[in-house]
Amino acid sequence: MEITLLSFSSPIHHRLHIGHKEARFFGGSSSTLVSNLCTHRGTTYKHPVLRISHKAPQCSMQGISKKLENVPWLFGSPKFIVQNKFPRDVVVRSELTAAGSAEDGYLLPELKVESKVRGACFYVVTAFSAIFLFVLMMVGHPLVLLFDRYRRKFHHFIAKVWATLTVAPFFKIEFEGMENLPPPDTPAVYVSNHQSFLDIYTLLTLGRSFKFISKTGIFLFPIIGWAMFFLGVIPLKRMDSRSQLDCLKRCMDLIKKGASVFFFPEGTRSKDGKLGTFKKGAFSVAAKTNTPLVPITLIGTGQIMPAGKEGIVNVGSVKVVIHKTIFGKESDVLCKEARKAIESVLTQS
């Protein structure tokens, strides 16, 4: 016996196998009842068909059994009673026949061996470049502390060379709005969307001496962590409120001494490319110090190296858009204006 329950509005259907009998439930987009015909051994039954929403996260065995309790014609025999658990010979299978929607994340190309090879080559290039350039940074560090303790332009120049050597073989960077950057010696607060591990490499190629904020654990990495210490990167313990407060105080102190700071207001990398909620720390620093705020939009880094897939490097290009500087003394207003500027370009890409 085969009973087919039809609904053409959904690409998802569920098959219920009962011994040699099979019932198919095609999920719909609503919980309404539709009418259908069931033919068995020459007899036609008119019955309601239960439509199951395809938006449900999973197909519940108990949920199906409860719905089938009100469909006695399905099993024919009045002695058969559907309970909370199905017999052992009942198997439920779900088949998904449609592609994911835009909300599922980046529309990434199929993972190929060449992406993994490019990823391995990327880390080889960045490692060898870092070892050589770190020696120069270490040699020049005493002079930097003596003559340029807060901005550390020499170290940032080496970091720019390192980032450029690393990304050049793998993707191109297009800059737009470079005229909106404040003069190199002008302290400012920079903010940007955050999509990928490649964001840091991309931003370093700008050649501006701003201080990033990074998790304390990264400072323990050989070469890279030590170079971050020389650059004056600000450590932060994410779940520690005292560390967050100290971080903001240190940022304000650096700005007063002529240095610039850089924030990712989302706090973490976006996994679907959409702009997350902005935290107010960066905008509070800009408002309290009356410092110019520079919004930056990064496009393409999440496609090349998606969050959580740092072992691959896909083919692609990156675009960096520098927006006009924003001034203000109210952190909420600065936050809204910066988010609007970044999102205006991000949604068009």
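In what follows, every heavy atom counts, from backbone to side chain, and hydrogens, waters and symmetry copies are set aside.
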Original post:
Using a side-chain heavy atom cutoff under 4.5 Å and only I, L, V, M, F, W and Y, what cluster partners does Leu143 have?
Top reply: Leu146, Phe147
Original post:
Near Tyr123 OH, under 6.0 Å, is it more than 12 heavy atoms from other residues, nucleotides or ligands?
Top reply: yes
Original post:
Between Arg208 and Arg151, is any pair of side-chain heavy atoms under 4.5 Å apart?
Top reply: no
**OP:** Could you check if a side-chain atom of Val167 sits within less than 4.5 angstrom of a side-chain atom of Val318, using non-hydrogen atoms only?
**Re:** no
**OP:** Check which hydrophobic residues are tied to Phe128 through side-chain heavy-atom contacts below 4.5 Å, counting indirect links as well, and list them.
**Re:** Val124
**OP:** List the atom of Ala282, the atom of Val189, and the distance in Å for their closest heavy-atom pair.
**Re:** O-CG1, 3.9 Å
Original post:
Do Leu145 and Ile234 belong together in a cluster built from hydrophobic side chains that touch within less than 4.5 Å?
Top reply: no
Original post:
Considering only heavy atoms from C-beta outward, does the side chain of Met228 approach that of Ile200 to under 4.5 Å?
Top reply: no
Original post:
Quick one: side-chain hydrogen bond (donor to acceptor under 3.5 Å, both in side chains) pairs with a partner in residues 251-265, sequence neighbours left out?
Top reply: Tyr150-Lys257, Asp253-Lys257
Original post:
Hey, quick one: are Phe132 and Phe221 part of the same hydrophobic cluster, counting side-chain heavy atoms closer than 4.5 Å, chains of contacts allowed?
Top reply: yes
Original post:
What residues form a ring pair (Phe, Tyr, Trp, His ring centres under 6.0 Å) with Phe170, not counting sequence neighbours?
Top reply: Phe122
Original post:
Val161: what forms a side chain to side chain contact (heavy atoms under 4.5 Å, CB included) with it, not counting sequence neighbours?
Top reply: Leu133, Phe157, Leu165
**OP:** With sequence neighbours excluded, tell me which residues meet ring pair (Phe, Tyr, Trp, His ring centres under 6.0 Å) with Phe197.
**Re:** Tyr201
**OP:** Evaluate side-chain contact (heavy atoms from CB on, under 4.5 Å) for Leu298 paired with Leu203, printing each intermediate quantity in order.
**Re:** CA-CA 9 Å; Leu298 298 176; Leu203 292 166; 4.0 Å; yes
Just distance, no hydrogens or angles: give the donor-acceptor pairs under 3.5 Å from side chains in residues 283-297, sequence neighbours left out.
unit_1, atom_1, unit_2, atom_2, d
Ser284, OG, Lys280, O, 3.1
Thr289, OG1, Val285, O, 2.6
Thr289, OG1, Thr291, OG1, 2.5
Thr291, OG1, Thr289, O, 3.4
Thr297, OG1, His323, NE2, 2.7
Thr297, OG1, Ile342, O, 3.3

Original post:
With sequence neighbours excluded, what pairs up with Arg269 under the side-chain hydrogen bond (donor to acceptor under 3.5 Å, both in side chains) test?
Top reply: Glu310
Original post:
Taking only residues two or more places apart in sequence, or in another chain, which ones meet Leu236 in a side chain to side chain contact (heavy atoms under 4.5 Å, CB included)?
Top reply: Ile213, Ser243, Gln244, Cys247
Give every donor-acceptor pair under 3.5 Å between a side-chain atom in residues 172-181 and any protein atom, sequence neighbours left out.
unit_1, atom_1, unit_2, atom_2, d
Glu176, OE1, Lys319, NZ, 2.9
Asn180, ND2, Ile322, O, 2.8

Original post:
Looking at residues at least two apart in the chain, or sitting in another chain, which of them share a side chain to side chain contact (heavy atoms under 4.5 Å, CB included) with Phe230?
Top reply: Phe134, Met137, Met138, His141, His155
Subject >> Residues that Glu266 engages under side chain to side chain contact (heavy atoms under 4.5 Å, CB included), provided they are two or more places apart >> reply: Asn193, His194, Ser270, Leu275, Phe278
**OP:** Applying side-chain contact (heavy atoms from CB on, under 4.5 Å), run through Leu204 and Lys160 and close with a yes or a no.
**Re:** CA-CA 5 Å; Leu204 285 174; Lys160 177 183 178 180; 5.5 Å; no
Original post:
Considering only heavy atoms from C-beta outward, does the side chain of Trp162 approach that of Leu136 to under 4.5 Å?
Top reply: no
